[in-house]
Undergrad: 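Below is one structure. I have some questions about it.
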Number of protein chains: 2
Amino acid sequence: MPAAKKTPKATVPVEMKRPATINDIARLAGVSKKTVSRIINHSPLVRQDTREKVETLMREVGYSPDPLARGLAFRRSFLIGMVYDNPTAQFIVNMQYGALDSLRGSGFELVVHPCDSRSPDYVDGVRRFVQQQKLHGVMLVPRVSEDPALAAMLDSIGMRYVRIAAVSMDRPERMVVTHDHDGAAEVADYLQSLGHRDIGLITGPRDYRSSIERTGGFLSALQKRGIELPKSRIVEAGYTFESGVAAAEKLLSGKKRPTAVFCGNDEMAAGVYRVAMREGISVPRELSVVGYDDSPLATRLWPPLTSVRRDTRDTGRIAAAMLIQPEDDLRPLASVRPHLILRDSCQPPG
Amino acid sequence: MPAAKKTPKATVPVEMKRPATINDIARLAGVSKKTVSRIINHSPLVRQDTREKVETLMREVGYSPDPLARGLAFRRSFLIGMVYDNPTAQFIVNMQYGALDSLRGSGFELVVHPCDSRSPDYVDGVRRFVQQQKLHGVMLVPRVSEDPALAAMLDSIGMRYVRIAAVSMDRPERMVVTHDHDGAAEVADYLQSLGHRDIGLITGPRDYRSSIERTGGFLSALQKRGIELPKSRIVEAGYTFESGVAAAEKLLSGKKRPTAVFCGNDEMAAGVYRVAMREGISVPRELSVVGYDDSPLATRLWPPLTSVRRDTRDTGRIAAAMLIQPEDDLRPLASVRPHLILRDSCQPPG
DNA sequence: CTGAAAGCGCTTACAG
DNA sequence: CTGAAAGCGCTTACAG
């Protein structure tokens, strides 16, 4: 005999071909769909026993509201965007894992959106993305997080966002600060305490906020301990391995070499290792090296690289959590602290 | 004076506060919304001049259809899911970039979903994810792509998917094959041609398809060239750096060492480097080493590591493209070929 | 080739 | 605390 076309009124069909809708729940529970809606949205305006009855029913039936329908009615999706330019793979992935830690079970999902911030119309590309998808909010990862034009655009269209950056540069509830200044200062203190006085510095690009902060933090901490680096000991590079190689060649070619080098990230530190290897300079006996990121690379290299750890997964977790909080609940500025991981790439100068 | 509440009939408002809807376009163009809908969905049942008129208007107004509304009506979202377990960061990121290459401009977006395939209810977690989000399709990345239970579940709920794996294990239109067998065979041929006869092999876990294929491809190619590896020359490891270190310690501790080692991936090859460094074994003079993946690590290590390149970005591109193709257009099985990148980690045995 | 009606599964005012 | 009506912006039958 033909199967029932309408769900029978009297029974609770735990297994249904067609997924349950708010109407099914309302009918089965004997309440209006508006009441079910209130429960879905955690409105306090529902009697406790009604709430419990309906919630039990939803669990039994395996009901979960359709994000498409809710999104249409709310005029806003349940998607969080992650916008980034070109950080290292490990950084991106850790940030994603962190964000997903916070999103799991919340009904929100993560949509990734890499872009090219050197392209003239990238801000417009991001605008189309967030506007068309009606995102609930966006995470801005360095270096796009540092772009005032991007933040201004998002603000102008009323799009919620959180910026992850080395220093605060927006309203507190829109910032996760990574304090790169302090991380670099810790390196300076460490190298000075080992006895190093002639120190080299390989920086990232001068227009990256992270690079500015790491450079500033390092130099000012050295200064506080009475060490002033001459210009010739500071070389700007591009955060890449290849640029690190080129910078190291410059820094290590003179007849008097520095006894230690701090690199703005691990990739460039790997470049220093490469040049040291080629030139027969022993790390750490003749040259101490410190990186920044504490990437997997740090432990793959020989000798294992002393580096500043940034808890990127934590950062992502915090940023996503801020985005899905109720808007009226203004949270204080969130931050995450870097700290130096000691390995075998440093020792007192010979 | 108060701004118009209704859009004036006579003019085309290029800039509107409220984004244009299908109704605005229909009214402005003097056609029904159904006709506009037909144009959005590329239906052939529209007169050419009507189509052009409406398309021009849509461009002028900056109209783009709301994916939430379309999704609700279609009962299917415009989201592609990417499900993966725990590959390396570079692999994940490249796969994402590739997928996004294909999705860009298509109206589809990429939602990432890492999971833990060792967890007993992970298949159920994926089911909830794809079902709740009403995904358009999912990309299954190794190693979850190899799980028959996951594929069966997706099939049972009618969810479209593409599996990326070392060999074909599903209907052709659901596979992107990476031919790891061939990549490993190329390594075997190369090492043999250099003159190596006593060769070590560090494999990934025996229950990974990629590992099975790489091991099989390597051994059978050696066999074809008359080389049979004794059991003692084959060590199973876990695709991680640490497991590579442990495997290398076993392989290199005996009094007669192999003259070359092939590792199932670069991470484990880095482990071999580590042990060789510690034991004072010179690579490549005393030991040739080959990896698989051609990850960034391969060029950071010293000496630069010879490794098999897999075009992961291409793989992601193909998989995503397959998912957003019209369903009636059955494409042949897609595949991507690995090839060996020669660097400085190999030479004829001393 | 084109259109009017009904519906997708929710929420927002507005009442009570 | 609860509900009936209207609407979010699209598409699917069903007609013509």
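Here is the naming used below: chain letters follow the sequence lines, and residue numbers restart at 1 for every chain.
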Undergrad: Side chain of Lys34(B) only, heavy atoms from C-beta on: which candidate in dT2(C), dT2(D), dA13(D) is closest?
TA: dA13(D)

Undergrad: Give the rounded distance in Å between these two atoms: NZ of Lys53(B) and C1' of dC1(C).
TA: 13 Å

Undergrad: Does either side chain, that of Tyr161(B) or that of Asp170(B), offer a donor lying less than 3.5 Å from an acceptor on the other one?
TA: yes

Undergrad: Looking only at side-chain N and O atoms, does Thr50(B) come under 4.0 Å of OP1 or OP2 in dT2(C)?
TA: yes

Undergrad: Distances under 3.5 Å only, N/O to N/O: pair up the protein atoms with those of nucleotides 14-16 of chain C.
TA:
none

Undergrad: Met95(B) pairs by side-chain contact (heavy atoms from CB on, under 4.5 Å) with which of Asp314(B), Leu100(B), Ile164(B)?
TA: Ile164(B)

Undergrad: Suppose we screen for salt bridge (charged side-chain N to carboxylate O under 4.0 Å, His left out). Which residues come up paired with Arg38(B), at least two apart in sequence or across chains?
TA: none

Undergrad: Report the secondary structure of DNA chain D in dot-bracket form, marking unpaired bases with a dot and bases paired to a different strand with |, and treating Watson-Crick or G-U pairs with both distances under 3.5 Å as paired.
TA: |||.||||||||.|||

Undergrad: Could you measure the distance from the NZ atom of Lys34(B) to the OG atom of Ser37(B)? Nearest 0.5 Å is fine.
TA: 4.0 Å

Undergrad: Could you list the residues that satisfy side chain to side chain contact (heavy atoms under 4.5 Å, CB included) with Ser64(B), not counting sequence neighbours?
TA: Gln132(A)

Undergrad: Lys134(B): what forms a salt bridge (charged side-chain N to carboxylate O under 4.0 Å, His left out) with it, not counting sequence neighbours?
TA: Asp66(A)

Undergrad: Between protein and nucleotides 6-10 of chain D, what N or O pairs are separated by less than 3.5 Å?
TA:
unit_1	atom_1	unit_2	atom_2	d
dG9(D)	N2	Ala69(B)	O	3.4
dC10(D)	OP1	Tyr63(B)	OH	2.9
dC10(D)	OP1	Asp66(B)	N	3.1
dC10(D)	OP2	Ile22(B)	N	2.6
dC10(D)	OP2	Tyr63(B)	OH	3.4
dC10(D)	O5'	Tyr63(B)	OH	3.3
dC10(D)	N4	Lys33(B)	NZ	2.7

Undergrad: If I take atom CD1 from residue Ile318(B) and atom CG from residue Leu323(B), how far apart are they, to the nearest 0.5 angstrom?
TA: 12.5 Å

Undergrad: Rounding to an integer number of Å, can you tell me how far Gln48(A) CD sits from dT2(D) P?
TA: 11 Å

Undergrad: Does Arg76(B) reach the main-chain N or O of Gly71(B) with its side chain, forming a donor-acceptor pair under 3.5 Å?
TA: no

Undergrad: Using the benzene-type ring in the case of Trp, are the ring centres of His113(B) and Phe129(B) under 6.0 Å apart?
TA: yes

Undergrad: So, are Asp101(A) and Arg317(A) salt-bridged, with charged N and O less than 4.0 Å apart?
TA: yes

